[in-house]
Protein chains: 2
Amino acid sequence: MDLLLDTASELFAELGYEATTTNAIAERAEVSIGSLYRYFPDKQAILKALAARHLEQLRGLYARVFTDDVVYLPLPVLLDRLVDPFLELHLGRPDYAHILLGASVSADIAAAGSVAEDEIQERLTHLFLRVAPRLSKARARLVATVCKGTVKALIAMASEVNDRKHRAKIVAETKQMMLLYFQSVLRR
Amino acid sequence: MDLLLDTASELFAELGYEATTTNAIAERAEVSIGSLYRYFPDKQAILKALAARHLEQLRGLYARVFTDDVVYLPLPVLLDRLVDPFLELHLGRPDYAHILLGASVSADIAAAGSVAEDEIQERLTHLFLRVAPRLSKARARLVATVCKGTVKALIAMASEVNDRKHRAKIVAETKQMMLLYFQSVLRR
DNA sequence: AGATAACACGAGTAAACGCTCATCTCGCAG
DNA sequence: CTGCGAGATGAGCGTTTACTCGTGTTATCT
């Protein structure tokens with residue numbers, strides 16, 4: 001079953017959800033279609049299972065990233081803590097983007113995805129409130145929104161670039177922009 | 001023919017490219033499928049024509065945005081000039097995202113899209129070099145990359161939010177971040 | 001060894017979809 | 001009024017694809 005999920009993940013990344021046939025998944029996994037349909041009621045179920053697996057990984061990441069001590073880290077280090085793990089996760093799993101795109105197929109998956117995003121947003125908001133207690137809740141939420149969006153953009157930019165050195169430069173530059181922004185938020 | 005393109009644009013925005021059937025396009029446009037296929041050799045041709053139309057609009061935008069005088073504008077005004085038109089264009093055309101996604105279907109479209117992005121990148125690089133002549137070419141390109149990515153992220157964020165006031169706040173906050181970044185780039 | 005249950009198999013099915021083409025419509029010239 | 005041609009029409013064709021089911025294979029227990 002995990003084998004099927006891994007194979008589906010590969011094919012979704014290569015061809016996208018729609019263009020991937022269930023027969024192709026079964027064939028590459030060296031399993032008959034009959035067996036595939038013993039474990040998954042239909043094609044969407046595979047997508048849902050993959051989405052669930054990713055969600056689990058994301059939640060695991062939250063637990064590691066949003067620990068209590070990060071509040072006391074210097075700002076640049078805090079940034080690394082917030083950005084690098086998510087970047088690595090997404091660069092290592094090229095199918096994730098396709099799963100999110102495939103989400104428009106099923107309302108369930110889209111809902112789960114946006115719940116995950118809201119969780120990040122909420123955690124970031126709390127983090128900012130602890131780092132900068134003078135911030136209003138509304139402002140902290142706004143900063144969290146922009147932060148989340150910028151990291152998303154960074155992930156997109158980094159995914160498009162294959163050269164490691166160039167990628168590192170883009171990452172560093174974006175972090176620099178975020179650092180300046182955070183500093184100005186704290187100063188007020 | 002324009003009627004067909006507009007209808008296709010609507011349906012792609014609602015359902016996505018794959019899920020939209022040619023019959024559905026013809027039906028909603030109140031045209032027979034036979035007639036549709038008189039004007040477009042196949043389904044992809046519709047997508048390509050739409051992509052071409054968007055590209056044309058984008059190029060028109062370049063001409064209006066990247067004029068010679070922008071170099072002498074104050075930074076915050078320059079930012080508005082660079083961000084607002086693109087934001088408006090994308091908010092007003094909800095199918096654009098789907099066209100870009102559908103681009104993975106055809107290498108041609110993907111190529112055209114990345115050419116358009118390279119053009120923006122090039123124009124931004126030149127702009128930054130004129131505004132800040134002390135910048136190295138490599139650095140200007142890097143700044144352009146980050147700028148482009150951030151505007152993309154802003155478009156994505158803004159598209160997800162329906163409340164006008166909330167959207168305006170997100171836009172203002174992101175511009176603030178970019179402003180701080182540009183100031184620090186100029187200062188060095 | 002034989003019986004039984006659990007699972008794997010893949011040819012086949014029904015539905016959907018992109019696309020074609022024989023037919024029809026209609027405006028116009030002679 | 002007739003004949004003609006450009007263009008519109010939609011039933012239907014061929015193909016693809018998600019999914020089923022009758023058969024074959026293996027594992028387990030008595």
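Any value given below was found using the heavy atoms of this structure, including those in side chains, with hydrogens, waters and symmetry copies removed. Just so it is clear: chains get the letters A, B, ... in the order the sequence lines come, proteins before strands, and each one is counted from 1.
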Check your understanding: Do the ring centers of H98(B) and F12(B) come within less than 6.0 Å of each other?
Key -> no
Practice item. Could you pull out the closest heavy-atom pair between V31(A) and L36(A), with the gap in Å? Key: CG1-N, 4.1 Å
Point to revise | Under the 3.5 Å Watson-Crick or G-U criterion, the dot-bracket string of DNA chain D, with | for inter-strand pairs | key: ||||||||||||||||||||||||||||||
[X] side chain, from C-beta outward: closest of [options]:
{"X": "N23(A)", "options": "dC17(C), dA18(D), dG7(D)", "answer": "dA18(D)"}
{"X": "S32(A)", "options": "dC19(C), dC19(D), dC9(C)", "answer": "dC9(C)"}
{"X": "I33(A)", "options": "dT20(D), dA8(D), dC19(C)", "answer": "dT20(D)"}

Distances for protein N/O vs nucleotides 23-28 of chain D N/O pairs under 3.5 angstrom?
none

Review point. Under 4.0 angstrom, heavy atoms only, what part of the nucleic acid is Y39(B) near: base, sugar-phosphate, or nothing?
Key: sugar-phosphate
Point to revise | Cation over ring face, K43(A) and Y17(A), 6.0 Å, 45° | key: yes
Check your understanding: Does K137(B) make a cation-pi contact with F128(B) (under 6.0 Å, within 45 degrees of the axis)?
Key -> no
Review point. Side-chain N or O of S35(B) less than 4.0 angstrom from OP1 or OP2 on dT9(D)?
Key: yes
Check your understanding: Residues two or more places apart in sequence or in another chain: which of them pass side chain to side chain contact (heavy atoms under 4.5 Å, CB included) with D6(A)?
Key -> R53(A)
Review point. Is a side-chain donor-acceptor pair under 3.5 Å present for N23(B) with T21(B)?
Key: no
Exercise for review: Begin with the C-alpha distance, continue with both residues' side-chain angles, and end with the deciding distance and a verdict on salt bridge (charged side-chain N to carboxylate O under 4.0 Å, His left out) for D95(A) and R93(A).
Suggested key: CA-CA 5 Å; D95(A) 59 327; R93(A) 311 216 119 258; 3.8 Å; yes
Exercise for review: Tell me which of E18(A) and G34(A) sits closer to the 5' end of DNA chain D, going by the nucleotide each one is nearest to.
Suggested key: E18(A)
Check your understanding: Short question: side chain of T174(B), backbone of I170(B) - any donor-acceptor pair under 3.5 Å?
Key -> yes
Practice item. Give the rounded distance in Å between these two atoms: CD of E30(B) and P of dG10(D). Key: 11 Å
